[in-house]
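What you see is a predicted model; the values in this text were computed from it and never measured. Count residues from 1 along the sequence.
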Amino acid sequence: AWAPQVLPKAPVRLPDGVVLQAEFARSPEEREIGMMFRTELSEDDAMMFVFPAEQGMMFWMKNTLVDLDMVFLKADKTVSIVHAGVPKSSMDTPDEDIARRSGLARFVLELPAGAAKKHGIFAGGRLGFNEN
């Protein structure tokens with residue numbers, strides 16, 4: 001009976017000029033849940049994870065039921081690395097089999113798989129958003 005969380009949205013401008021209304025996960029609890037338990041994403045769905053400082057971090061796809069692109073962004077909002085097509089897990093995937101991706105980031109944007117390429121998001125590019 002887990003349900004996806006719904007977070008406040010704010011605009012994120014992508015390199016091709018498209019502006020998505022992304023959910024912003026700012027608290028440790030919001031970041032931990034992230035996109036867990038969602039069974040589908042529209043092409044406009046996105047979630048921005050905001051951390052206190054730029055650091056090396058690892059994300060894993062625990063209870064993440066949809067394939068994602070993960071965009072790791074440095075403090076200056078430039079892309080440090082894009083992990084495209086990160087495979088989903090299921091509710092009963094053993095922890096050791098769950099996909100993990102890491103990179104240097106203060107922000108991590110999760111998008112539906114394929115969205116990063118579609119919108120021209122590559123390492124070195126910049127996204128526009130207000131982190132507050």
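In terms of heavy atoms, D69 sits closest to A115 at OD2-N, 3.1 Å. Between F72 and G103, the shortest heavy-atom distance links the atoms CE2-N, 3.6 Å. Nearest heavy-atom pair, P87 versus A99, reported as atom, atom and distance to 0.1 Å: O-CB, 3.7 Å. Of all non-hydrogen atoms in P15 and R126, the two that sit nearest each other are CG-O, 4.0 Å. Looking at every heavy atom in both residues, R31 comes nearest to F49 through O-CE2, 3.3 Å.
Partners of D16 by salt bridge (charged side-chain N to carboxylate O under 4.0 Å, His left out), not counting sequence neighbours: none found. Qualifying side chain to side chain donor-acceptor pair (under 3.5 Å) partners for E131, counting only residues two or more places apart in sequence or in other chains: K77. By the salt bridge (charged side-chain N to carboxylate O under 4.0 Å, His left out) test, K118 pairs with E43, sequence neighbours left out. Scored by the side chain to side chain donor-acceptor pair (under 3.5 Å) test, K74 finds no partners at all (sequence neighbours excluded). Taking the side chain to side chain contact (heavy atoms under 4.5 Å, CB included) definition, one finds that S90 meets it with D92, T93, sequence neighbours left out. Residues meeting the side chain to side chain donor-acceptor pair (under 3.5 Å) test with H83, sequence neighbours left out: none. Remark: P11 engages V19, Q21 in a side chain to side chain contact (heavy atoms under 4.5 Å, CB included) (not counting sequence neighbours). Under the side chain to side chain contact (heavy atoms under 4.5 Å, CB included) criterion, P94 pairs with E96, D97, not counting sequence neighbours. By the side chain to side chain donor-acceptor pair (under 3.5 Å) test, R38 is found to be paired with E23, residues two or more places apart in sequence or in another chain being considered. In this structure L65 satisfies the side chain to side chain contact (heavy atoms under 4.5 Å, CB included) test together with T39, M91, sequence neighbours excluded.
Linking ILVMFWY side-chain heavy atoms closer than 4.5 Å, directly or via other members, places W60 and L41 in a single hydrophobic cluster. Linking Ile, Leu, Val, Met, Phe, Trp and Tyr residues whenever their side-chain heavy atoms come within less than 4.5 Å leaves M36 and F59 in two separate clusters. In terms of hydrophobic clustering, with Ile, Leu, Val, Met, Phe, Trp and Tyr side chains grouped at heavy-atom distances under 4.5 Å, M70 and M57 are assigned to a common cluster. Residues V108 and I81 share a hydrophobic cluster, clusters being chains of Ile/Leu/Val/Met/Phe/Trp/Tyr side chains in contact below 4.5 Å. M47 and I33 fall into different hydrophobic clusters, where Ile, Leu, Val, Met, Phe, Trp and Tyr side chains are chained together by heavy-atom contacts under 4.5 Å.
Other residues, nucleotides and ligands contribute over 12 non-hydrogen atoms within 6.0 Å of the CZ atom of R100. Within 6.0 Å of CD on E40 lie no more than 12 heavy atoms contributed by other residues, nucleotides or ligands.
In this structure, CD1 in I98 is found 5.0 Å from OG in S89, a value given to the nearest 0.5 Å.
If you check the side chains of D44 and S42, you find no donor sitting under 3.5 Å from an acceptor.
Residue pairs meeting the ring pair (Phe, Tyr, Trp, His ring centres under 6.0 Å) criterion with at least one member in residues 27-46, sequence neighbours excluded, are W2-F37.
With hydrogens and angles disregarded, a donor-acceptor distance shorter than 3.5 Å links the side chain of T64 to the backbone of K62. A donor-acceptor contact shorter than 3.5 Å is absent between the side chain of E32 and the backbone of P28.
In the hydrophobic clustering, L73 connects to V12, L14, V18, L20, F24, M48, V50, V71, V79, V82, F107, L109, L111, I121, L127, F129, either directly or through intervening members, whenever side-chain heavy atoms lie under 4.5 Å apart.
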